[in-house]
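A short worksheet on the structure shown next.
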2 protein chains.
Amino acid sequence: MAPFVSGMALAEIAALMGDVARANILSALMDGRALTASELAWHGGVSAQTTSGHLARLSEARLIAMTKQGRHRYYRLASSEVAQAIETLMAVASSGPKRHRPVGPKDEALRRARTCYDHLAGRLGIALADALTLQDYLVLSDGAGALTEKGQRFLCAFGIELEEGHRSKRTLCRTCLDWSERRPHLAGRLGAALCTKMFDLGWVERVRDSRALAITTKGRGGLRSTFGIEIE
Amino acid sequence: MAPFVSGMALAEIAALMGDVARANILSALMDGRALTASELAWHGGVSAQTTSGHLARLSEARLIAMTKQGRHRYYRLASSEVAQAIETLMAVASSGPKRHRPVGPKDEALRRARTCYDHLAGRLGIALADALTLQDYLVLSDGAGALTEKGQRFLCAFGIELEEGHRSKRTLCRTCLDWSERRPHLAGRLGAALCTKMFDLGWVERVRDSRALAITTKGRGGLRSTFGIEIE
DNA sequence: ATAACGCTTCGGCTGCGGCCGAAGCGTTAT
DNA sequence: ATAACGCTTCGGCCGCAGCCGAAGCGTTAT
């Protein structure tokens with residue numbers, strides 16, 4: 001008899017991601033925010049009823065989680081593990097044969113800057129990782145990164161607190177393969193903190209109905225003076 | 001209009017993995033070997049014709065690669081990236097709600113020791129990583145590992161050559177999340193070398209029609225004396 | 001109270017995709 | 001040469017799963 005055991009489990013999860021509507025829903029949730037069912041219906045490109053069914057199935061499989069709030073229901077990815085699985089799949093997908101890849105303006109915006117779960121990705125994410133490495137603030141080796149003394153002082157001066165969550169088991173800094181740039185960007189607590197800071201400083205803003213980020217004028221200046229980064 | 005762009009690509013790849021027959025085929029290929037179409041048909045649990053169709057689709061998407069040899073056609077995973085994507089998905093799958101998980105004897109064998117693409121996984125893989133770490137041969141941090149001086153000498157004495165492939169861009173040592181143990185085991189060049197050595201020494205043997213490995217009597221002794229490992 | 005809204009459940013339609021039998025092609029054995 | 005073998009292609013069947021309209025339930029607005 002064939003070893004159906006692990007194949008079945010793999011197929012179940014993959015099949016859930018293998019439907020265009022559901023894939024679009026998951027893709028929309030990849031920015032780490034929680035979205036309402038109606039918003040997800042829009043992203044999925046299907047009716048509310050259909051979406052409801054999809055969301056139920058994704059919830060049951062623990063790929064997403066739900067919170068009720070008033071008459072809304074907010075859905076989010078269940079864990080960073082799920083996010084990582086999706087990102088890894090996207091990396092494989094984008095490395096595949098060049099299909100009809102229309103590369104519209106939306107796609108270009110995503111490639112410039114976007115959120116990846118809770119951290120920054122796209123050219124911006126890559127540039128940040130490069131800048132920190134180049135200045136000897138960070139040493140990247142394989143899948144992980146370690147802050148130097150110099151880097152810790154720099155980040156502290158920049159207003160990023162990393163010690164608070166020290167008891168947290170979450171990795172300080174790991175890399176995450178960027179599907180558009182095909183190179184690793186920064187994830188982990190450091191990646192999340194950088195992302196949050198950029199928002200707080202008003203350097204980046206979310207683009208409506210997209211995971212893409214817009215770099216503000218203030219952000220353009222700040223990125224140049226603080227990190228020596230020039231996007232575009 | 002909804003951003004179908006990246007969702008489509010994700011769905012295409014995931015859908016390929018989302019069929020039970022194909023998932024079983026990919027799962028069988030996860031041990032890193034190249035298998036013939038007929039062998040894969042057996043693993044997939046479907047007829048040769050059906051399998052042929054599946055293999056064609058997987059090849060076209062560059063998830064697997066093929067080599068002709070006589071009247072056989074050998075299929076293998078196209079890259080370690082694909083293997084990693086599958087392993088990550090399996091991790092998510094096995095962390096999901098406890099479905100009807102029969103956990104047969106075959107499953108138990110897989111959990112004890114198996115190959116994961118080109119390195120060792122299961123309790124054996126975990127034990128090896130733990131042993132090397134405990135002896136200060138290896139320092140694991142986040143997703144990567146670095147050999148200590150002591151570790152290099154030890155491995156050298158054990159007969160593992162790591163310098164030869166130095167020009168190779170492949171990571172020396174990274175971790176790979178073990179879906180059955182839910183903890184990282186060793187991958188990268190080091191993981192592959194350890195695995196190869198175990199085979200060469202006759203410490204482990206492949207189990208027919210499975211990714212599972214059997215630990216030989218000689219292996220049991222060697223693992224105890226060399227690494228202080230006791231499996232089971 | 002009544003209406004609007006957000007979401008889900010139910011029922012029925014439809015099409016895609018997985019499946020196999022039959023047949024064809026190239027390679028290897030005898 | 002002939003047969004056996006490994007694999008693929010073609011054609012047709014069939015079931016599942018995705019889709020929407022209609023209806024129901026709970027919450028919020030007026």
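So you know, we letter chains A, B, ... as the sequences are listed, proteins then strands, and number each from 1. The shown structure was predicted, so the numbers you read here are calculated from the model rather than taken from an experiment. Just so it is clear, the values below take in all heavy atoms, side chains as well, and ignore hydrogens, waters and symmetry mates.
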Side chains of A:Thr67 and A:Arg76: donor-acceptor distance under 3.5 Å anywhere? yes
Salt bridge (charged side-chain N to carboxylate O under 4.0 Å, His left out), paired with A:Asp31, selected from A:Arg206, A:Arg114, A:Arg211: A:Arg206
5'-most contact on DNA chain C: A:Ala56 or A:His72, nearest heavy atom basis? A:His72
For [X] and [N], is the shortest distance between a side-chain N/O and OP1 or OP2 below 4.0 Å?
{"X": "A:Arg73", "N": "C:dG6", "value": "no"}
{"X": "B:Thr50", "N": "C:dC19", "value": "no"}
{"X": "A:Ser47", "N": "D:dC20", "value": "yes"}
{"X": "A:Tyr75", "N": "C:dG6", "value": "no"}

Among B:Leu35, B:Leu26, B:Thr51, exactly one meets side chain to side chain contact (heavy atoms under 4.5 Å, CB included) together with B:His43. Which residue is that? B:Leu35
By nearest atom, which of the nucleotides [options] is closest to the [X] side chain?
{"X": "A:Arg71", "options": "D:dG18, C:dA22, D:dT27", "result": "D:dT27"}
{"X": "A:Ser52", "options": "C:dC19, D:dC19, C:dT8", "result": "C:dT8"}
{"X": "B:Gln49", "options": "C:dG21, C:dG17, C:dT8", "result": "C:dG21"}

Scan [X] against the nucleic acid and name what it touches under 4.0 Å (heavy atoms): base, sugar-phosphate only, or nothing.
{"X": "B:Thr51", "value": "nothing"}
{"X": "B:Ala48", "value": "base"}
{"X": "B:Tyr74", "value": "nothing"}

Salt bridge between A:Arg123 and A:Glu108, side-chain N to carboxylate O under 4.0 Å? yes
